[in-house]
Q: 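Structure below; questions to follow.
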Amino acid sequence: MLVDAHCHLTGSYLVPEAIEPTLARARAEGVTGFIAVGTDLEDSALVLDLARTVPGVRASLGVHPHEARTWTPEVEAGLAAMVEDTAVRFVGETGLDWHYDLSPREAQEAAFRAQIRLAKRIRKPLMIHTRSAPEATLRILEEEGADEVRGLIHCFSEDRAFAARALDLGFYLSFSGIATFKKAEAVREVAAWAPPDRILVETDAPFLAPVPYRGKPNEPGFVRFTAAAVAELRGIPVMKLAELTTRNLEALCGWAPAS
Ligand SMILES: [Zn+2]
Ligand SMILES: [Zn+2]
């Protein structure tokens with residue numbers, strides 16, 4: 001039994017009629033839990049609807065750094081109205097993306113800080129996206145006291161020094177298909193070394209498919225390849241890794257799929 005700690009199943013990511021067959025393929029591969037992630041207010045509403053109606057799906061609602069330019073008091077109020085639902089287990093994805101810079105950096109920071117405060121108000125963990133901004137991401141998490149609610153660093157792609165500071169804040173590290181890429185040495189090193197009670201696996205579907213599907217559209221069932229790679233790096237059976245990561249998700253967000 002595996003859980004995909006971060007996937008996109010709604011809006012522009014997957015057409016509605018493809019959702020059920022995609023999840024059915026994943027379940028057939030033993031993937032029974034899915035954290036579906038919203039990237040703006042409209043997408044978050046779709047994710048909430050899915051999480052309320054489809055067994056095994058729970059929601060992470062937020063405004064992605066790419067969409068931070070859309071952040072307004074009205075968006076904040078709309079998000080705040082949705083995140084209290086018990087189907088919602090995380091706030092985000094939020095954070096900083098200084099690689100693509102699709103929203104101005106000041107807007108990214110403002111939306112990030114506001115979502116950390118929202119998570120603290122409702123006492124739910126954070127879903128963090130960080131790219132090319134490691135120092136600023138950690139500084140903001142530290143300044144805003146994110147250790148109070150913790151969260152996960154999704155699609156972990158930083159190094160051991162970053163991991164150590166995130167772990168100090170109580171955060172979990174979620175490994176994606178990158179862990180199957182032989183050249184991603186720093187990420188593979190962290191996947192081998194990280195404490196067993198702080199690791200998760202995810203797809204970030206439809207992006208970043210693991211080997212052997214690299215370059216193709218990704219889907220939650222493929223989390224098994226990432227799980228196998230992380231298990232191999234750690235020298236443990238994949239069943240053990242599945243058990244660990246399912247338990248870790250439950251420890252972080254209070255939810256695990258029924259077995
Ligand atoms: Zn992301
Ligand atoms: Zn994502």
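Read the numbers this way: they start at 1 and go in the same order the structure lists the ligands and their atoms. Because only heavy atoms are used, hydrogens play no part in the values below, and waters and symmetry mates are left out as well, while side chains stay in.
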Q: Any N/O/S atom, side chain or main chain, of H154 closer to the Zn ion (ligand 1) than 2.8 Å?
A: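 So H154 counts as coordinating the Zn ion (ligand 1), yes.
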
Q: Counting backbone and side chain alike, does H129 bring an N/O/S atom below 2.8 Å of the Zn ion (ligand 2)?
A: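 Checking H129: none of its N, O or S atoms is under 2.8 Å.
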
Q: Taking the side chain as every heavy atom from C-beta outward, state whether L167 and P195 have any pair of such atoms under 4.5 Å apart.
A: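 Yes - at least one pair of side-chain heavy atoms lies under 4.5 Å apart.
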
Q: Between H6 and the Zn ion (ligand 2), is there a contact where an N/O/S atom of the residue lies under 2.8 Å from the metal?
A: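 Yes, since at least one N, O or S atom of H6 sits under 2.8 Å from the Zn ion (ligand 2).
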
Q: Measuring to the Zn ion (ligand 1), does E93 have an N/O/S atom at a distance below 2.8 Å?
A: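 Looking at E93, which is the residue asked about, there is an N, O or S atom under 2.8 Å from the Zn ion (ligand 1).
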
Q: Could you verify whether a donor N or O on one side chain and an acceptor N or O on the other, from T39 and E67, lie under 3.5 Å apart?
A: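 No - no donor-acceptor pair under 3.5 Å links their side chains.
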
Q: Fit a plane to each ring of F222 and Y213, take the angle between them on a 0 to 90° scale, and name the class: parallel (under 30°), tilted (30 to 60°) or perpendicular (over 60°).
A: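 Because their plane-to-plane angle is under 30°, the rings of F222 and Y213 count as parallel.
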
Q: In D204, which N, O or S atom comes closest to the Zn ion (ligand 2)?
A: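 Answer by atom name: OD1.
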
Q: Tell me which one of V63, T130, L126 satisfies side chain to side chain contact (heavy atoms under 4.5 Å, CB included) with T94.
A: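 When V63, T130, L126 are each tested with T94, the side chain to side chain contact (heavy atoms under 4.5 Å, CB included) holds only for L126.
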
Q: How are the rings of H64 and H66 set relative to one another: parallel (under 30°), tilted (30 to 60°) or perpendicular (over 60°)?
A: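 It falls in the tilted class, 30° to 60°.
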
